[in-house]
Amino acid sequence: MLENLTGRLQGVIKNLRGQARLTEENISDAMREVRMALLEADVALPVVKDFIARVKERANGREVLQSLTPGQAVIEVVNDELTELMGKANVGLNLAAVPPVVILMAGLQGAGKTTTSGKLAKLLKEQKKKVLLASADVYRPAAITQLQTLAKQLEIDCFDSNPQQKPLDIAAQVMEQARKSYYDVVIFDTAGRLAIDEAMMAEIKDLHTFLKPTETLFVVDAMQGQDAVNTAKAFGETLPLTGVIVTKLDGDARGGAALSVRHVTGKPIKFIGVSEKVDGLEPFHPDRMAGRILGMGDVLSLIEQAHKNVDMAEAQKVAEKLKSGAKFDLEDFKAQMLQMRKMGGMSALMDKMPAQMAGMAQKVNMDDAEKSMRRIEGIINSMTPLERRKPELIKATRKQRIAAGSGVQVQDVNRLLKQFEETQKMMKMFSKGGMAKMMRGLGGMMGGKLPGM
Amino acid sequence: MFNPFAKKSAETAPAHVEEKKTAPVPVEEQSTSWTQRLKNGLAKTRQQLGGQLSALFGGGKIDEDIYEELETILLTSDVGINATQHLLAQLRARVKRQDLQDTHALKGALRETLLELLSPLQQPLNVKTHQPFVMMIVGVNGAGKTTTIGKLAKRLQAEGNSVLIAAGDTFRAAAREQLQVWGDRNDVHVVASESGDPAAVIYDAVNSAMAKKIEVVIADTAGRLPTQLHLMDEIKKVQRVIDKALPGAPHEILLVLDANTGQNAVNQLKAFHDALGVTGLVLTKLDGTAKGGVIAAIAHLSQQSARQIPVRFIGVGESIDDLRPFDAAAFVDALLDD
C-alpha cells in the first residue's frame, strides 16, 4: 500500500536531508516534487494546493529555518500536515445510544460496502455485541444473498430481506426484529449509488430519516481518482455522515482518496480495509498513516499486530529496543524478521516497515523475499553474539567466516550489513524525531490497554 | 458550502419516491441513438469538464493562464501527470505549428490532440475469429466484472451469437447467484459449481461449449488486487487450464476498469498485463461524475510502450443496454461539446 507515494516522497526527503541550508528556492523545488507525488497518488487537486500552501508557509517560518537540521524539520512539517489532513487521532465508532444502535452504510457501487459490513459486524461481535446484519440492496442481483452468505460464515444473524420489498419497508421490519430480539447493533447495508442519481439519493435520505442511525458511514474505494472529492461532497450533503471507511488499501493504490475524503467531508476516517479476509478491517490512525506515507514505517501498528499474534513479552522487547533507537542491533533485526514470519502476510507487514526495508522487498517477489529472509536469518545466526550487538566489528575475516558458516557469499553478508545499517539509521531518526511522539502513545498502549477501537 | 447540489436534491425529492417503484428491474429503455446515450451517460462529465472548457474556450488570446487552467482541468479528470504534460506539449506544438491565435481555435486543437491519443484504442471486438470464442474477464474487486458480463452476454446474443457464461468467481459470497440472475434474465446458460476451483468451473464450461457448439464463452473470475500475488498466480493458472481445454484460448482477456479509478488504473493494467497479456479493456461506471480521463493516461502509456491495448467497451449506465463499443471520436466529442 502507498508504496508509490512513499517512494516519491522519500526522494524529496532524501534531497532535503542532504541540504545543509534551506533556501526558499530548494523548499520550492521540494514542494513541486511533493505536489507531483500527491497528484500521482490521486489526491484531489484542491486538497493538494491547500496542503502545499500550508507546508510552504510553515517551512519558511522560523521553526524550520532556525532549526539545526532544517531538512528534518521540513519533514516534520510535512508529517504534521499529513496527519492533520487525515484527521488528528483515531476516532472509534460511536455506539452510545439506546440499543439497537444503527450503523448505516453508504457509498458508490463496488466500493465494498457489503464486505465491509460483514467485517464490521465481526469486529463488533468480538466486542461482545449482539449484531444484526441487514441489506436493503434490492437492485443488484444476489446482493442480499451475498450479505447472508457472509453472515453465515461469520456466525452473525442476518435479516432475511426480500428483494421484492421496498428498502424502507425492509428497514421497518429490521428495526422491529432488532427491538424484539434485543440486538445491540444493526448494521444496515444499502445499494451502491451514484451521487448524481437523485432518486437513489432520496431513497437513502429517507432510510436515514427512518433509521436515525448513530453512525452513517461513507465507504470509499482507495483506488478512487480525482472524483472522490465530488462523490464525498455529494454524499456529505445528502446525508449527515459521521465517518468514512476507506477500503482496498491493500492494493497498490496510493491512497490519495483517503487524504482527500477526510479533507472534503470533514468527517474522520474510522476504519481502513486492508485485506480480503473477514478480519481485514483496521482502525485508522492518521499519525501512523502519515508515517507510513513518508516511509517512516508504521512500527506502532506492527507492534499492535505483534500484540495480537505474538506473545506479549516478545513484542515488548522489540518495542523497548525500538524506543532507544541507537541500541537497535542485529538481534532485533533478526527478531523483527522472525516475528514477521510468525505473523504471516509478508506484504501486509511490509507496508508497515520503514521504506528502505519495504523497498528492498518490493524488488523481488514475495517468495524470493521469504527465501531471502531465511537467508538473512542464517547469516545472522552465523555471527557471534558480540558481532550481533556490535556489527561494526564485522570486517573482512569475520565476513568470510560468517559467509562460510551460513553458506553464502561475502557479498550477501555485505548486503545484509548495508540493509541493517539503513534500518538502523531509520530507527535513529525515529528516536530523534517523529518517533518520540509515537512512543508516547506507545507508553499508554503498553500500560495494558488493548489497541483498537 | 455546496448549496446548489443540496438544494437540487431537496426540491426534487418527492418525485423520486414515485420513480423508484419502477427502478428495481432494469427495464430496457427506449432506444436513443448511441451518441445520445453516451452523452447522457457522460452528462456530468461534460458539465464538469465541458463546462469548464467552454468557459475557457469562450474566445480571447491564448496565454499561459489558459494552459495552466487546462492543466488543472486535465489533472482533475484523472488524466494523470504524464499524460497531461504530454497532451499540453502536443497542444502547444500544434498551436505553434498552425499559428492559432484565439481560444476558439484552441478547442479544435485540443479535440484533435485528444483524438490522436485515443483513436488507436478504438478497435472493436470480433468474436468470429474462433469457435468457441473464449473470453476471460478480469479486474480488481468491485470494478463491475459481473455486471459487465451480464451486459456483454446480452449484447453478443443480440448480435446472433450463442453464449455461455462460466461463473469463475468462486470466492466472493453470492457471486455465482448474481451471475445466475443475469443469466436468467437473458436466457443465457450459466455453468457453475457449488464451490471450489475457478479453473475447474471454466474448464467444464469450455468443454460444454465445444460439445454444444456454442459460439462464445464468457468466463467470470473473482476480483483481485494485483498486490495479492497468490491470487495473481491463481488467475495465471486459470488461463493455463483454459488453454488446456481449448488450445489457443482464451482468445480475449478483458480487463474491467472502474472509471472512478485514478492513476491506479495504470498499475492495474500493468499488473494484469504482465500476468496474463490483457487484450482489451472495458471502462465501467462512466455515468457517474467520474471523468474516465484515466483512458488518456492509459493511451499515453501504450503509446510509449508500443503495446496498444484497445478499449473494447464502455459502460455508461445501469441498464443492460448501456454497454457500448468504444468510439474515440464520440468519446472526445461528448467530453468537449455542450
Side-chain angles (χ1 to χ4, degrees), chain A residues 1 4 36 39-42 44-45 108-112 114-115 138-143 145-150 153 163-164 166 194-196 198-203 205-206 221 223-228 230-231 233-234 236-238 248 250-254 256-257 276 347 365-367, chain B residues 2 5-6 8-9 12-17 19-21 23-24 44 48 72 75-78 80-81 140-144 147 150 171-182 185 224-229 258 260-265 267-268 271 285 287-291 293-294 318:
Chain A
M1 165 176 74
N4 301 292
M36 297 269 273
L39 280 174
E40 259 182 29
D42 294 323
L45 191 63
L108 290 180
Q109 288 94 340
T114 306
T115 309
V138 295
Y139 308 104
R140 183 165 62 98
T145 323
Q146 185 187 351
L147 190 67
Q148 280 166 345
T149 315
L150 211 59
Q153 280 169 15
Q164 309 304 327
K166 274 190 256 165
L194 294 169
I196 49 165
E198 288 169 6
M200 290 294 280
M201 291 308 275
E203 177 203 281
K205 207 172 174 179
D206 291 344
D221 184 335
M223 291 179 285
Q224 259 223 302
Q226 294 285 334
D227 195 52
N230 300 334
T231 315
K233 237 187 226 167
E237 275 146 21
T238 310
K248 303 180 209 171
D250 49 334
D252 53 0
R254 307 171 204 186
E276 263 198 316
S347 47
N365 73 38
M366 281 305 155
D367 284 344
Chain B
F2 218 55
F5 229 123
K8 207 171 161 194
S9 49
T12 36
H16 302 143
V17 188
E19 284 168 24
K20 202 66 266 164
K21 284 175 188 155
K44 208 64 196 179
Q48 184 85 19
T72 303
L75 284 176
T76 49
S77 311
D78 289 322
I81 288 231
V140 299
N141 314 63
T147 308
F171 180 82
R172 202 199 65 192
R176 188 161 38 94
E177 285 83 347
Q178 189 182 347
L179 258 186
Q180 216 111 44
V181 174
W182 276 111
R185 272 186 202 165
R224 64 202 73 223
L225 299 173
T227 43
Q228 294 160 329
L229 294 165
D258 182 340
N260 289 298
T261 313
Q263 298 312 300
N264 188 250
N267 294 22
Q268 290 172 23
K285 305 187 203 171
D287 47 336
T289 42
K291 294 146 206 85
V294 78
E318 301 221 342

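Here is the naming used below: chain letters follow the sequence lines, and residue numbers restart at 1 for every chain. Computed from a prediction, not measured in an experiment: that's the story for all the values here.
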| query | Who among Gly236(A), Pro141(A), Ala228(A), Ala143(A) has the most heavy-atom pairs with chain B under 4.5 Å? | reply | Pro141(A)

| Is it the side chain or the backbone of Gln180(B) that comes within 4.5 Å of chain A heavy atoms, both, or neither? | neither

| task | With a 4.5 Å cut-off on heavy-atom pairs, point out which of Gln148(A), Gln153(A), Gln164(A), Gln109(A) contacts chain B the most. | result | Gln109(A)

| said: For Asn141(B) versus Lys248(A), what's the shortest heavy-atom pair and its separation? | reply: O-NZ, 2.6 Å

| request: Quick one: closest heavy-atom pair of Asn260(B) and Asp227(A), and the distance? | output: OD1-OD2, 3.8 Å

| query | Which bit of Ile81(B) comes within less than 4.5 Å of chain A, counting heavy atoms only: side chain, backbone, both or neither? | reply | side chain

| Between Ala142(A) and Gln178(B), which heavy-atom pair has the shortest distance, and what is it? | CB-N, 3.2 Å

| remark: Sorted by chain and number, sequence neighbours left out, side-chain hydrogen bond (donor to acceptor under 3.5 Å, both in side chains) with Thr115(A) holds for none

| said: For Gln226(A), run the side-chain contact (heavy atoms from CB on, under 4.5 Å) check against Leu75(B), Asp78(B), Val294(B) and tell me which one passes. | reply: Asp78(B)

| field | Thr72(B), part contacting chain A, at a heavy-atom distance under 4.5 Å | value | both

| remark: Counting heavy-atom pairs under 4.5 angstrom with chain A, the leader among Ala265(B), Ala174(B), Gly150(B) is Ala174(B)

| remark: Turns out that what part of Leu147(A) lies under 4.5 Å from chain B's heavy atoms comes down to neither

| Taking the side chain as C-beta and beyond, is there a heavy-atom pair between Asp287(B) and Leu194(A) under 4.5 Å? | yes

| request: Nearest 0.5 Å please: distance from the OG1 atom of Thr261(B) over to the CG atom of Asp221(A). | output: 6.5 Å

| said: Just so I know, are the side chains of Met223(A) and Leu225(B) near enough to count as touching, which here means a heavy-atom distance under 4.5 Å? | reply: yes

| remark: For Ala175(B), the side-chain contact (heavy atoms from CB on, under 4.5 Å) test, sequence neighbours excluded, returns Asp169(B), Arg172(B)

| Residue that, paired with Thr76(B), satisfies side-chain contact (heavy atoms from CB on, under 4.5 Å) out of Leu39(A), Asn230(A), Leu45(A) | Leu45(A)

